[in-house]
Asker: 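Once you've had a glance at the structure underneath, I'll fire off some questions.
Both ligands and their constituent atoms are indexed starting at 1 by order of listing.
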Amino acid sequence: MRNAQRRPQVTYSQRMVNRSRVTSGAVALVVVAAVVVYGAASGDGFVATSCYLGVLVGASVGAWIGAERLPRGRRLVPRLIAAGISLTALGDVLWTVLDLMGAGTDVSIADPPWFASYAVLCAALWVVLGRTRRRGGSRVDGDFLIDALTIVVVSVLIFWSLSVNTIVTDQSVTPFVRAVWAAYPIADAVLLALVVRVMMSRNARAAIDTSFAVGACLWLAADIAYLEAPEGAAALVLMDAAWMVAPVLLARAAWRVGETQTDAPGASALGGWVAQLLVTVGALFVPPALELTADLRGEPDRPLQLFVGTAALIALAFVRTARLIHSEERAHRELEGSRDAALAASRAKSMFLANMSHEIRTPLTTVLATAEILEDTHLDDRQLKLLGKMHRSGELLRSLVEGILDFSRIEAGQLELASTPFDLHAMVADAADVYTPRAAEAGIRFEWHLDPCVPRMVVGDPGRLFQVLTNLLDNALKFTHQGTVGLTVRSATTQGAGDCVGDVVEFVVHDTGIGIPVQDQVSVFESFRQVDGTTTRRYGGSGLGLAICKELTQLMGGSITLRSESGAGSSFVVRIPLAQGVRDHPSESRPAGTHSSIDAQPAARTRTA
Ligand code: ADP
């Protein structure tokens with residue numbers, strides 16, 4: 001039992017493949033034998049005719065069997081192919097009977113089934129194209145139709161120059177016969193156009209099987225050869241051999257059509273841009289190329305054909321271009337619409353966030369104020385400790401809420417900057433006053449330097465500028481465990497000693513802390529981004545500070561840059577244009593409630609704590 005399990009198992013599908021290979025081989029042998037017998041008899045006599053018609057009838061029977069064995073939903077195309085082959089076989093049988101009876105065969109009752117076979121085969125191709133087009137969904141119907149029409153026009157032009165021209169100028173038969181004969185190359189052209197169109201689409205190609213294309217092309221080649229009226233028995237036998245083999249190949253396609261799954265997404269478009277270009281632009285070269293070929297072959301000029309062909313192709317190219325421009329405009333409009341909608345949605349979200357943060361901040365402020373008042377009452381040590389915890393957490397929460405509030409206001413485009421004269425020197429000194437003791441508490445040195453070139457009175461938004469500086473200084477303190485944290489303020493356009501020109505002030509916040517790896521130096525300015533996920537746990541913070549700094553400096557018309565190295569400290573440089581303000585009322589310019597009463601110092605100020 002165990003041994004039986006180890007033996008390689010021949011699966012059901014493998015057995016089916018093997019069986020179908022044996023059947024195909026047997027059919028191929030029979031067809032080859034029939035063609036050889038037909039050739040040996042030079043296409044004459046009962047045996048040759050039986051071989052010829054036998055192959056055709058056999059192919060149609062085979063195609064019908066192939067179609068009927070498929071499940072219901074998949075039978076349409078194989079049935080159309082089988083019907084096409086049967087109609088051809090019927091035409092050939094009728095033609096042979098008429099020929100045997102000695103009746104005229106220039107135009108006969110064999111022609112309607114032959115024409116019908118074209119129609120049915122074209123219908124099969126059309127159905128395949130339609131199905132794969134719907135599945136791929138990447139091309140609109142209009143474009144598909146223009147592609148197909150272009151290929152039809154090109155094929156008709158080629159066939160016309162090959163044979164139709166000869167037929168319509170043949171005076172040995174009646175105009176009716178000429179018209180019927182000329183209709184064959186036109187039908188050939190349409191069939192060829194559809195075959196080409198199918199072959200250019202990956203999905204359609206997979207759906208119809210290549211043997212259909214090979215069979216159709218063989219058939220068309222024999223048709224062209226027939227219209228060229230070749231001399232010699234060998235040529236006639238070859239032509240007939242092609243007519244024998246072609247239906248067999250078509251019948252093979254009828255067997256295989258239902259087997260292939262064609263669900264590759266987007267594969268229904270023309271096979272890549274080269275094929276697309278060939279159809280759109282290459283087609284325009286066909287009429288002059290045909291004219292040139294005719295000239296080289298010493299045939300007379302055909303200006304009407306050249307004109308009609310070129311005009312038709314230009315008209316198609318015109319329609320295609322118009323559609324392209326139109327669809328591009330539409331896509332552009334849709335894109336703009338989607339962008340506006342996305343922006344509006346984002347703004348609405350930011351507004352919501354801003355409102356919520358505001359609503360949270362108000363009661364939070366009350367809670368913190370109450371905690372402060374509570375601290376002044378009689379409390380035991382444990383209560384004081386708990387209150388302190390509550391206060392610190394409350395402060396953290398408030399700074400987070402304020403960060404979100406600022407950020408969402410900026411995002412919603414609701415943040416308006418003030419433009420007021422203020423004392424920049426005083427602001428820098430105030431910042432130093434705040435951070436010197438904090439740094440000392442953390443065992444870090446705090447340095448600050450104010451360049452004398454920096455104007456004292458400037459115009460801008462002191463509150464927001466102070467916010468940017470404190471954000472950077474907070475971070476510097478947070479991420480530095482030993483060494484120095486510093487603030488340098490200088491004129492960005494200082495020209496040598498004493499020459500102070502320009503309005504741009506440069507604020508450099510530097511530290512000797514943990515630094516920021518190069519790969520993170522851009523992302524840290526994005527909202528909610530931190531160098532690593534554990535930062536929040538180890539150092540606290542929301543990842544909003546630098547994003548707000550960046551937005552604020554940009555709103556102030558400035559920029560923020562970062563120079564840092566992992567483990568070697570960081571240096572944030574903020575450049576902001578600050579126009580000089582009035583000098584005579586420095587007291588008016590103090591940012592309300594922000595700065596202490598340190599007076600501005602003359603000349604350069606440098607302090608180290
Ligand atoms: P957070 O609230 O987390 O500090 P920020 O936007 O201010 O948010 O900073 C984003 C991240 O940038 C920080 O989490 C930290 O990883 C890094 N960072 C900012 N400043 C410094 C600094 N001076 N030294 C080292 N890393 C810093």
Asker: Just distances here: any N/O of Gly545 and N/O of ligand 1 closer than 3.5 Å?
Answerer: yes
Asker: Evaluate the side-chain proximity of Leu562 to Ser571: yes if any heavy-atom separation is below 4.5 Å, no if none is.
Answerer: no
Asker: Give the numbers and elements of all ligand 1 atoms closer than 4.0 Å to a heavy atom of Lys478.
Answerer: 1 (P), 2 (O), 4 (O)
Asker: Between Leu149, Val154, Val281, which is the residue that forms a side chain to side chain contact (heavy atoms under 4.5 Å, CB included) with Leu313?
Answerer: Val154
Asker: Give the contacting part of Ile516 toward ligand 1: side chain, backbone, both or neither, where contact means a heavy-atom distance below 4.0 Å.
Answerer: side chain
Asker: For Ile514, counting its heavy atoms only, list the atoms of ligand 1 lying under 4.0 Å from any of them.
Answerer: 25 (C)
Asker: Just let me know how Asp520 lines up against ligand 1, side chain, backbone, both or neither, with a heavy-atom cut-off below 4.0 Å.
Answerer: neither
Asker: Gly513 near ligand 1, heavy-atom distance under 4.0 Å?
Answerer: no
Asker: Near Phe572, which atoms of ligand 1 are under 4.0 Å from a heavy atom of that residue?
Answerer: 20 (N), 23 (N)
Asker: Side-chain contact, heavy-atom cut-off 4.5 Å: Tyr435 with Leu477?
Answerer: yes
Asker: Just how far is it from atom CG of Leu578 to atom CZ of Phe422, taken to the nearest 0.5 Å?
Answerer: 5.5 Å
Asker: Please determine if Phe479 has a nitrogen or oxygen closer than 3.5 Å to a nitrogen or oxygen of ligand 1.
Answerer: no
Asker: Give the numbers and elements of all ligand 1 atoms closer than 4.0 Å to a heavy atom of Leu544.
Answerer: 6 (O), 8 (O)
Asker: Is there side-chain contact between Phe507 and Leu465, with at least one heavy-atom pair below 4.5 Å?
Answerer: yes
Asker: Could you check whether any side-chain heavy atom of Phe525 comes within less than 4.5 Å of a side-chain heavy atom of Ile560, counting everything from C-beta outward?
Answerer: yes
Asker: Tell me if a side-chain donor or acceptor on Asp461 pairs with a main-chain N or O of Ala418 at a distance below 3.5 Å.
Answerer: yes
